[in-house]
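Beneath this line is the structure, given in structure tokens, with notes to follow.
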Amino acid sequence: MKKGDHLFLVDGSGYIFRAYHALPPLTRKSDGLPVGAVSGFCNMLWKLMLDARNTDVGIVPTHFAVIFDYSSKTFRNDLYPEYKANRSAPPEDLIPQFGLIRQATRAFNLPCIEMEGFEADDLIATYCRLACEAGGDTTIISSDKDLMQLVGDTVGMYDPMKDRQIGIPEVIEKWGVPPEKMVDLQALTGDSVDNVPGVPGIGPKTAAQLLEQFGDLDTLLARAGEIKQDKRRESIIANTDKARISRQLVTLKNDVPVAEGLDDFVLHAPDGPKLIGFLKTMEFTSLTRRVAEATSTEAGDVQAVAVAVERADNAHGPDVGAGAPARGAVEPGQANGAALSATDAPKQGDTPSLLSALRLERATTGKIDTAAYHCIRDIETLKAWVAEAREAGIAAFDVRATSSDPMQAELIGMAIATAPGRAGYVPFAHKSGNGDLLGGGTLENQIPLREALAVLKPLLEDKSVLKIAQNLKYDLVIMSRYGIDVAPFDDTMLISYVLDAGTPHGHGMDALAEKWLGHTPLQLKDVTGSGKSSVGFDQVDIDRATAHAAEDADVTLRLWLVLKPRLAAKGLVSVYERLERPLVPVLARMEQRGISVDRQILSRLSGELAQGAARLEEEIYQLIGERINIGSPKQLGDILFGRMGLPGGSKTKTGQWSTSAQLLEDLAAEGHELPRKIVDWRQLTKLKSTYTDALPGFVNPDSKRVHTSYALAATTTGRLSSSDPNLQNIPVRTAEGRKIRTAFIADKGNKLVSADYSQIELRVLAHVAEIPQLRQAFADGADIHAITASEMFNVPVEGMPSEIRRRAKAINFGIIYGISAFGLANQLSIPREEASNYIKKYFERFPGIRDYIEETKAYAREHGFVETIFGRRIHYPDIRSSNPSLRAFNERASINARLQGTAADIIRRAMVRMEEALDEAKLSARMLLQVHDELIFETVEGEVEATIPVVRHVMENAAMPAVSMSVPLHVDARAANNWDEAH
DNA sequence: ACAGAAGCTTA
DNA sequence: GTAAGCTTCTGTT
């Protein structure tokens with residue numbers, strides 16, 4: 001080997017397992033021999049050799065070897081007997097394939113290297129060193145992190161399954177340390193798969209940070225006392241030995257006395273007949289054919305034996321796709337891209353349903369042809385499109401940006417559609433692909449962002465042009481950051497939600513295109529790739545980006561044509577126009593504002609939680625005498641109910657022991673001390689992982705605030721949902737959990753105001769079911785659960801035992817959830833009989849509620865949906881199911897939906913009006929968050945007293961004038977510096 | 001890398 | 001018994 005030569009080292013053992021798992025499990029030869037992994041291995045090897053040869057600028061190997069593990073016992077087991085001890089035996093059907101894969105390697109004419117007492121990784125390390133000393137380069141074909149320590153100037157890695165090169169920058173990006181420090185990093189983190197202990201509590205992030213700080217492992221261990229974090233310091237000091245032995249285990253041995261030298265690895269051309277002989281034996285028909293072609297192996301030799309196989313293979317070649325005629329195929333003569341007028345001036349006498357049919361006709365006539373879209377690359381063309389949109393009075397658009405988080409997304413391009421089939425894409429900021437160091441240069445022939453927006457802004461803000469988008473809030477937030485206020489608009493996702501909440505199809509573009517247009521749009525991952533090999537949309541080839549983005553705009557326009565008239569046809573226009581559409585800009589502004597979160601408080605809490613959890617962990621290990629993973633319900637269940645034989649175990653539907661909090665609480669009540677500790681441990685780790693550790697990661701670097709994302713069309717009932725992060729489930733029940741709320745703070749000089757509806761769903765129930773006692777109780781401002789208990793059990797409200805009130809409260813909540821004896825019994829931990837009697841008694845005292853429930857079920861069964869008092873529809877297609885439990889579930893859900901949905905509508909109405917009310921009162925308070933029955937505002941300190949009455953008035957009167965409720969709504973509001981005290 | 005189960009947080 | 005979203009573990013792709 002000499003300078004300029006290039007050695008390929010294939011991690012054969014790693015390959016085997018990846019091929020095995022990546023392929024369908026049941027690949028067998030006709031005689032039953034399992035060959036899935038062999039097949040995957042051969043295909044990958046072939047592709048690797050082929051790719052390497054065909055690449056002009058790629059690396060062409062001069063030397064090539066496949067390295068295997070010899071057996072599971074190596075010198076590492078002498079160092080540390082537990083090494084790889086928890087590794088289970090390979091799957092049954094993989095065992096016979098190990099030998100076959102070695103045969104395959106030889107059939108490829110490649111050296112097959114293994115050595116007793118050493119892992120494949122050690123051999124690889126050794127050959128890397130030898131190649132380097134000889135002046136050659138090496139590429140390791142693997143993605144195993146254990147090999148990353150070898151990466152350097154002359155050694156790279158390549159992951160063939162993801163088509164990804166791994167060099168020094170990739171290692172740093174992935175692990176936060178350069179390759180030479182990978183050993184130290186792995187010594188700290190350990191490896192649960194190989195049973196390398198590491199230091200407990202140190203993960204890759206922490207390890208990288210420590211190595212950054214101290215330089216290397218030895219320095220770190222010597223100066224561990226300087227670490228500030230208590231738990232971390234103690235853990236490292238206590239586990240110094242483990243770290244040292246871990247380092248020995250993960251350090252690859254690069255001086256293995258190898259039998260073969262590099263000269264034995266010189267790459268030869270594949271021996272066609274030899275390889276094909278093997279492949280045919282394996283019955284890999286298509287690879288056999290490809291190899292035959294590529295190696296120009298004598299056709300006669302191959303065909304003679306392979307005829308039968310070849311015919312079987314060809315049989316489905318020409319037929320592919322013939323069984324599935326393209327949907328919506330165009331009639332001859334229908335020109336591609338022939339634009340149809342989007343809007344139809346309704347003639348007099350057109351009924352909504354006739355218009356609906358007309359539009360459907362327009363939207364679905366003319367095929368969707370992604371090749372027919374225009375790429376708008378100069379300002380004059382863009383101006384012509386804007387003029388066209390003005391003429392049409394309508395334009396669907398689709399924004400492309402660098403992130404799914406609209407608060408961080410930078411614009412890449414925008415698609416616009418003015419009529420079915422008539423769509424174009426404006427690229428602003430596409431870059432050339434594989435920009436290694438500088439991210440690639442911006443491509444030519446795009447309209448610079450600033451110039452394009454100057455032309456688009458007047459259109460997007462033009463009152464006489466209706467803008468249409470799918471999930472418009474995302475676009476609204478981005479455009480607002482670029483100084484554009486899009487209006488007026490329609491949102492096809494929201495129209496679908498109003499029409500079809502509760503139906504099995506969702507409201508995403510793909511589902512809607514499939515349902516209404518019979519069309520499957522190009523998938524984003526087909527243009528960007530998926531997983532780690534994916535690229536940003538700005539790296540997508542502009543023609544492909546045009547096809548994808550313009551198609552989305554075209555589809556959006558067509559969906560609008562189909563869906564919008566249906567609103568009128570079904571009498572749902574006012575739901576859309578009052579409860580959905582106006583909320584979009586309101587939520588967009590709330591998301592943009594975000595809320596301040598004090599990272600110091602969270603980090604202090606995180607430390608406290610870690611300490612508490614660590615202490616409990618030790619106590620739990622003491623009690624069970626073993627260091628299991630407490631977070632694994634499987635391991636925990638096996639110990640608790642298997643080995644320790646605790647009573648009262650029950651199984652989940654998958655046959656595992658249940659370790660639910662309820663069950664552990666019951667055991668704790670019987671005097672067992674372990675379950676209590678487990679429940680406590682779970683609480684602490686939950687708070688830490690979900691809140692104190694995760695929230696700081698959501699602080700936006702520019703605004704320094706946390707910006708959640710509200711989904712308007714995610715729930716069936718009309719509630720909003722919150723994600724990334726979810727700020728609708730911040731703890732409140734326990735004192736420990738509430739501390740997290742203290743981290744949500746008002747900026748200096750400001751206060752947070754929290755205003756929440758009191759018992760809104762029960763009030764809605766009292767109103768819709770017309771229950772005189774409940775109406776009176778709410779009118780009197782009485783304790784509703786106490787009144788309920790008093791009615792049911794004939795006890796006076798004065799001096800009522802708390803247990804009695806608790807039961808009544810559970811029943812009241814039960815009604816809202818569509819009560820069942822089973823559920824109530826569970827909730828109250830009483831026999832089902834007793835629960836059943838309670839319900840009976842309740843219905844005797846409140847017959848109106850029984851009537852309400854029966855009426856709701858009958859209505860749902862007849863129509864397939866229920867409605868809120870504001871006319872929102874929620875569909876229950878399974879309400880007529882012959883499956884009794886499915887039917888019962890739908891009945892309960894429909895009962896709940898009227899109440900939950902009405903409450904959701906009320907707070908939506910309040911939110912839509914709130915901004916104007918605050919403006920009129922000249923108040924600077926701004927809405928930040930919504931938590932189903934609560935609104936959180938931030939306002940300057942001096943305006944708190946003036947703000948609260950305005951907020952309360954808007955919320956308490958939100959049902960008016962559409963509905964005059966027979967029960968007053970009541971809002972509690974208060975101000976403080978943080979969310980905990982304000983709530 | 002992803003999906004589902006289990007578990008836990010909220011209204 | 002209703003409605004959500006997130007994390008961890010586990011097994012599969």
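Lettering follows sequence order; numbering is per chain, from 1. Side chains are part of it too, since the values below use all heavy atoms of this structure and drop only hydrogens, waters and symmetry mates. Quick caveat: nothing in here was measured; it's all calculated off a predicted structure.
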Original post:
In B/S/- notation, 5' to 3', how is nucleotides 4-11 of chain B contacted by protein heavy atoms closer than 4.0 Å?
Top reply: -SSBBBBB
Original post:
Do the side-chain N or O atoms of A:Thr715 get closer than 4.0 angstrom to the phosphate oxygens (OP1, OP2) of C:dG5?
Top reply: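 So the side chain of A:Thr715 is outside the cut-off, no N or O lying under 4.0 Å from OP1 or OP2 of C:dG5.
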**OP:** Indicate whether OP1 or OP2 belonging to C:dG5 is found under 4.0 Å from a side-chain N or O atom of A:Ser721.
**Re:** yes
Side chain to side chain donor-acceptor pair (under 3.5 Å) partners of [X], counting only residues at least two apart:
X: A:Tyr497; result: A:Thr715
X: A:Arg738; result: none
X: A:Asp11; result: A:Ser142

Original post:
Near A:Lys840 NZ, under 6.0 Å, is it more than 12 heavy atoms from other residues, nucleotides or ligands?
Top reply: no
Atom [atom1] of [X] to atom [atom2] of [N]: distance rounded to whole Å?
X: A:Met44; N: C:dT13; atom1: CE; atom2: C1'; value: 13 Å
X: A:Trp681; N: C:dC9; atom1: CH2; atom2: C1'; value: 11 Å
X: A:Ile811; N: C:dT2; atom1: CD1; atom2: C1'; value: 17 Å
X: A:Ile628; N: C:dT10; atom1: CD1; atom2: P; value: 10 Å
X: A:Asp724; N: C:dG5; atom1: CG; atom2: P; value: 10 Å
X: A:Asp905; N: C:dA3; atom1: CG; atom2: P; value: 16 Å
X: A:Asp144; N: B:dA1; atom1: CG; atom2: C1'; value: 16 Å
X: A:Ile895; N: C:dA3; atom1: CD1; atom2: P; value: 12 Å

Which part of the nucleic acid does [X] contact within heavy-atom distance under 4.0 Å: base, sugar-phosphate only, or nothing?
X: A:Gly814; answer: base
X: A:Asn629; answer: sugar-phosphate
X: A:Ala694; answer: sugar-phosphate
X: A:Thr716; answer: sugar-phosphate

Original post:
Looking at the side chain of A:Phe889, which of C:dG11, C:dA3, C:dT8 is the nearest nucleotide?
Top reply: C:dA3
Subject >> A:Ser709 backbone acceptor or donor facing A:Glu591 side chain under 3.5 Å >> reply: no
Subject >> Residue list, salt bridge (charged side-chain N to carboxylate O under 4.0 Å, His left out) with A:Lys677, at least two apart or on another chain >> reply: A:Glu619
**OP:** Return the set of residues passing salt bridge (charged side-chain N to carboxylate O under 4.0 Å, His left out) with A:Glu867 (not counting sequence neighbours), or none when no residue passes.
**Re:**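 Partners of A:Glu867 under the salt bridge (charged side-chain N to carboxylate O under 4.0 Å, His left out) test: A:Arg873.
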For residues 809-817 of chain A, run the donor-acceptor check on the side chains, cut-off 3.5 Å, and write out each pair with its distance to 0.1 Å, sequence neighbours left out.
from	atom 1	to	atom 2	distance (Å)
A:Asn812	OD1	A:Tyr842	OH	3.0
A:Asn812	ND2	A:His785	ND1	3.1
A:Asn812	ND2	A:Thr788	OG1	3.0

Only pairs under 3.5 Å count here: list side-chain donor-acceptor contacts from residues 827-835 of chain A, not counting sequence neighbours, and write none if there are none.
from	atom 1	to	atom 2	distance (Å)
A:Glu834	OE2	A:Arg807	NH1	3.4
A:Glu834	OE2	A:Tyr838	OH	3.4

Original post:
In terms of side-chain heavy atoms, does A:Glu934 have a donor or acceptor partner in A:Ser754 at a distance below 3.5 Å?
Top reply: yes
Subject >> Nucleic acid contacts of residues 823-832 of chain A, taken as heavy-atom distances under 4.0 Å to DNA chain C >> reply: A:Gly823, A:Leu824, A:Asn826, A:Gln827
